[in-house]
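Single-structure report; data block below.
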Amino acid sequence: MLDLKLIRQDPDAVRAALARRGDEVARRLDAVIGLDGERRALIPRLEELRAQRNEAADTIARAKRSGEDATGAIAAQREAGAREKELSRELAEIEERLEAALAPLPNLPDSTAAPGPEDEVLRVAGDVPKLPFKPRDHLDLAGSMIDMEHAATMSGARFAYLKGDLVMVELALVRFALEKLRGHGFEPVVPPVLVRERALYGTGFLPDTEQQIYRLADDELFLVGTSEVALASLHDDEIVAVERLPLRYAGFSPCFRREAGAAGKDTRGIFRVHQFEKVEMFSFVEPDASTEEHERILAIEEEILSELDLPYRVVNISVTDLGNSAAKKYDCEVWLPSQERYRELTSCSNTTDYQARRLNIRVRREKKIAPLHTLNGTAVAVGRTIIALLENGQREDGTVALPDILAAYGAPAVLGA
RNA sequence: GGAGAGGUGGCCGAGCGGCUGAAGGCACUCGCCUGCUAAGCGAGUAUGGGGCUAAACCUCCAUCGAGGGUUCGAAUCCCUCCCUCUCCGCCA
């Protein structure tokens, strides 16, 4: 949610910022400005009427108490009441339209977000393996440890059974990530994955990505596509004392995505599936600390990738590809030998005050109260990390060497031996 | 799933349909006082939105789980929903 006061004070700056996402986006601001004007024209009229009615009600009360007749005053009140109701309805209607115009507007991009249309490669790290043989893809390498046939029969396309050693790798990855994050001050959380609409609205996934979200048939509940949704709601409607910030959480949960509109894309293996597990970072920080926190989260993502010996590059995502809530986003893309290119593995966003405004999460500094800033980032997207580990650790005989660090968390040293 | 109780300010808790934005207590802040890690005294301490402002102050409106309704007037009455607790049932 954008700040109405800012829009009012400096509409040109807001319009210019939105225009970086596209001219069409910036044009949507005009409706908001118009409705805000209507609203503020109406409010003084309504409130003056209410003040008069409140005063008249007191007069009636006093008359009643002293036993006087108030029939005339009561009749007048009844009439004023009808007018009040009318104006109230009018205001409610305007506010509803204002909300409908304002809520879908995306966050203002950070000035350092990549201008687009292309993402901006910031750096390349790690060694791309020079394989003296034709690389296999993750599905070949996993063999029976990934069973998509039975998953497809049972649940449909884009589902998988993970079996045997790969399960141990998954658990090792999760444990590795959670302990690392804890060391960085993130509190581990296993959140609910079924949520009400408000949580999705509050995080900006609604109205924006509805076609991506599973909805239950018999209950007003949705399956989250990321634990970000649940972590953001942890301080829903709170005023947090500044001394408590930053608040950092590491969520571990399954994630569910419909992948509608992705038909035909990444259909082989578990790169793009409807269900996967993920360890996610989420931070609540002071407004002027979010830029630094964003770099911090990115650094943790890179630390994890380095320790897993994965070759990757960091990209600054183009403003035209930013989700609604992000002001700036970095992706870490991992090298996949079978595809001979970098693919998205982790992602971190600074959502500034966009989600906080929607979820009504504020910080109190001295006497001042203002929306705080929230950020999120992937620590480990388990499925894709497994893909990366398999492909980059593969040997000519089809076995896979896993990074040493995972052994400490229960993963085997070699897969498929 | 069945039966019942309840949701009031940071917390506890009182609230007859009008004088309650809300008693009282706790906590916190500031001041006073007291020579001994505390007590006493005084004052203050919600949020959002308008207006006026450079800002503060001030002022008005709204808010007693949420949304509707009754009424001249609702924290108080009615309806729907949400949540919490207790008992029963079921269950990993």
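First the proteins, then the strands, lettered A, B, ... as listed; each starts at 1.
Between His235(A) and Phe284(A), a ring centre-to-centre spacing shorter than 6.0 Å is recorded.
A 3.5 Å limit on both hydrogen-bonding distances identifies no Watson-Crick or G-U partner for G21(B). Base pairing of A14(B) is not made with any nucleotide, judged by Watson-Crick or G-U wobble geometry with both donor-acceptor distances under 3.5 Å. Across all strands shown, G42(B) forms a Watson-Crick or G-U wobble pair, both distances under 3.5 Å, with C30(B). Pair check for U86(B) finds A3(B); Watson-Crick or G-U wobble, both atom distances under 3.5 Å. Taking a pair to require two hydrogen-bonding distances under 3.5 Å in either a Watson-Crick or a G-U wobble arrangement, A74(B) remains unpaired. Of all nucleotides present, none satisfies the Watson-Crick or G-U wobble test against U53(B) with each distance under 3.5 Å. Base pairing of C36(B): no nucleotide in any strand meets the Watson-Crick or G-U wobble criterion (both distances under 3.5 Å).
Of the C1' atoms belonging to G31(B) and G24(B), the separation is 24 Å, rounded to the nearest Å. Taking atom P on both nucleotides, C85(B) is separated from G13(B) by 15 Å, rounded to a whole Å. Taking the C1' atoms as reference points, U8(B) lies 9 Å from G15(B), given to the whole Å. Taking atom C1' on both nucleotides, G7(B) is separated from A66(B) by 12 Å, rounded to a whole Å. Separating the C1' atom of G9(B) from that of C26(B) is a span of 13 Å, rounded to the nearest Å. Atom name P, nucleotides A75(B) and C64(B): the rounded distance is 6 Å, in whole Å. Distance check on atom C1': A14(B) versus G6(B) gives 16 Å, rounded to whole Å. The separation of G67(B) from C82(B), taken at their C1' atoms, amounts to 10 Å, rounded to a whole angstrom.
G50(B) atom C1' lies 13 Å from atom CG of Leu4(A), rounded to whole Å. If you measure from atom CD1 of Ile361(A) to atom P of G48(B), you get 15 Å, rounded to the nearest angstrom. Arg83(A) has its CZ atom 16 Å from the P atom of C72(B), to the nearest Å. In this entry the distance linking CG of Leu91(A) with P of G48(B) reads 19 Å, nearest Å. Between Asn360(A) atom CG and G48(B) atom P there is a gap of 8 Å when expressed in whole angstrom units. For the pair Gln9(A) CD and A54(B) C1', the computed distance is 12 Å after rounding to whole Å. Rounded to whole angstrom, the span from the CD1 atom of Ile369(A) across to the C1' atom of G10(B) amounts to 12 Å. Across the protein-nucleic acid pair, Glu84(A) atom CD and C72(B) atom C1' stand 12 Å apart, rounded to whole Å.
Projected onto RNA chain B by closest heavy-atom contact, Arg39(A) and Arg53(A) fall at different nucleotides, the more 5' of which corresponds to Arg39(A). Nearest-nucleotide positions on RNA chain B place Asp58(A) closer to the 5' end than the other of Ile239(A) and Asp58(A).
If you check every strand for non-hydrogen atoms under 4.0 Å, Arg362(A) touches sugar and phosphate atoms only. Counting any heavy atom pair closer than 4.0 Å across all strands shown, Arg198(A) reaches no nucleic acid atom. As judged by a 4.0 angstrom heavy-atom cut-off over every strand, Arg62(A) is placed among residues making no nucleic acid contact. Residue-level contact check: Leu46(A) touches neither bases nor backbone, having no heavy atom under 4.0 Å from any strand. Base engagement by Ile60(A) is indicated by at least one non-hydrogen atom pair under 4.0 Å involving a base atom. When heavy atoms are screened at a 4.0 angstrom cut-off, Arg244(A) is found touching no nucleic acid atom at all.
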Please assess Glu84(A) against Arg50(A) for the test salt bridge (charged side-chain N to carboxylate O under 4.0 Å, His left out), listing each intermediate value before the final yes or no. CA-CA 7 Å; Glu84(A) 199 248 272; Arg50(A) 280 181 178 162; 3.7 Å; yes

Run the side chain to side chain contact (heavy atoms under 4.5 Å, CB included) test on Tyr312(A) and Arg343(A) for me, step by step, so that the C-alpha distance in whole Å, both residues' side-chain angles and the decisive distance to 0.1 Å come before the verdict. CA-CA 9 Å; Tyr312(A) 68 93; Arg343(A) 299 301 308 270; over 6 Å; no

Which is it for Glu210(A) and Arg258(A) under the salt bridge (charged side-chain N to carboxylate O under 4.0 Å, His left out) test, yes or no, and what are the steps along the way? CA-CA 10 Å; Glu210(A) 39 278 290; Arg258(A) 291 187 63 230; over 6 Å; no

Produce the list of close N/O pairs, under 3.5 Å, pairing protein atoms with atoms of nucleotides 76-83 of chain B; give distances to one decimal.
residue, atom, partner, partner atom, Å
C82(B), O3', Arg196(A), NH2, 2.5
C83(B), OP1, Arg196(A), NH2, 2.6

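Residue Ser283(A) forms a side-chain contact (heavy atoms from CB on, under 4.5 Å) with just one option from Leu375(A), Thr374(A), Leu247(A), and that option is Leu375(A). Checking each of Asp331(A), Thr226(A), Thr378(A) against Ser347(A) for a side-chain hydrogen bond (donor to acceptor under 3.5 Å, both in side chains) leaves exactly one that passes, namely Asp331(A).
Ring orientation note: the planes of His150(A) and Tyr161(A) are nearly perpendicular, at an angle over 60° on the 30°/60° scale.
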Does the protein touch nucleotides 56-70 of chain B at the base, only the backbone, or not at all? Give it as B, S and - per nucleotide, heavy atoms under 4.0 Å. ----BBS-------S

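Proximity of Arg45(A) to the phosphate of G51(B): no side-chain N or O atom is located under 4.0 Å from OP1 or OP2.
With sequence neighbours excluded, the residues satisfying side chain to side chain contact (heavy atoms under 4.5 Å, CB included) with Arg175(A) are Glu179(A), Tyr409(A). Annotation: side chain to side chain contact (heavy atoms under 4.5 Å, CB included) contacts of Asn324(A) (sequence neighbours excluded): Pro106(A), Asp208(A), Tyr354(A). Looking at residues two or more places apart in sequence or on another chain, you find no side chain to side chain donor-acceptor pair (under 3.5 Å) involving Asp218(A).
Of the candidate nucleotides G50(B), U47(B), C72(B), G50(B) has the atom nearest to the side chain of Pro44(A). Relative to the side chain of Ala61(A), the nucleotides A46(B), G18(B), C72(B) differ in distance, and G18(B) lies closest.
Here salt bridge (charged side-chain N to carboxylate O under 4.0 Å, His left out) pairs that include residues 95-109 of chain A, with residues two or more places apart or in two chains, are Glu38(A)-Arg97(A), Arg39(A)-Glu95(A), Glu93(A)-Arg97(A).
With Arg365(A) contributing its side chain and Ala241(A) its backbone, the two residues share no donor-acceptor pair below 3.5 Å.
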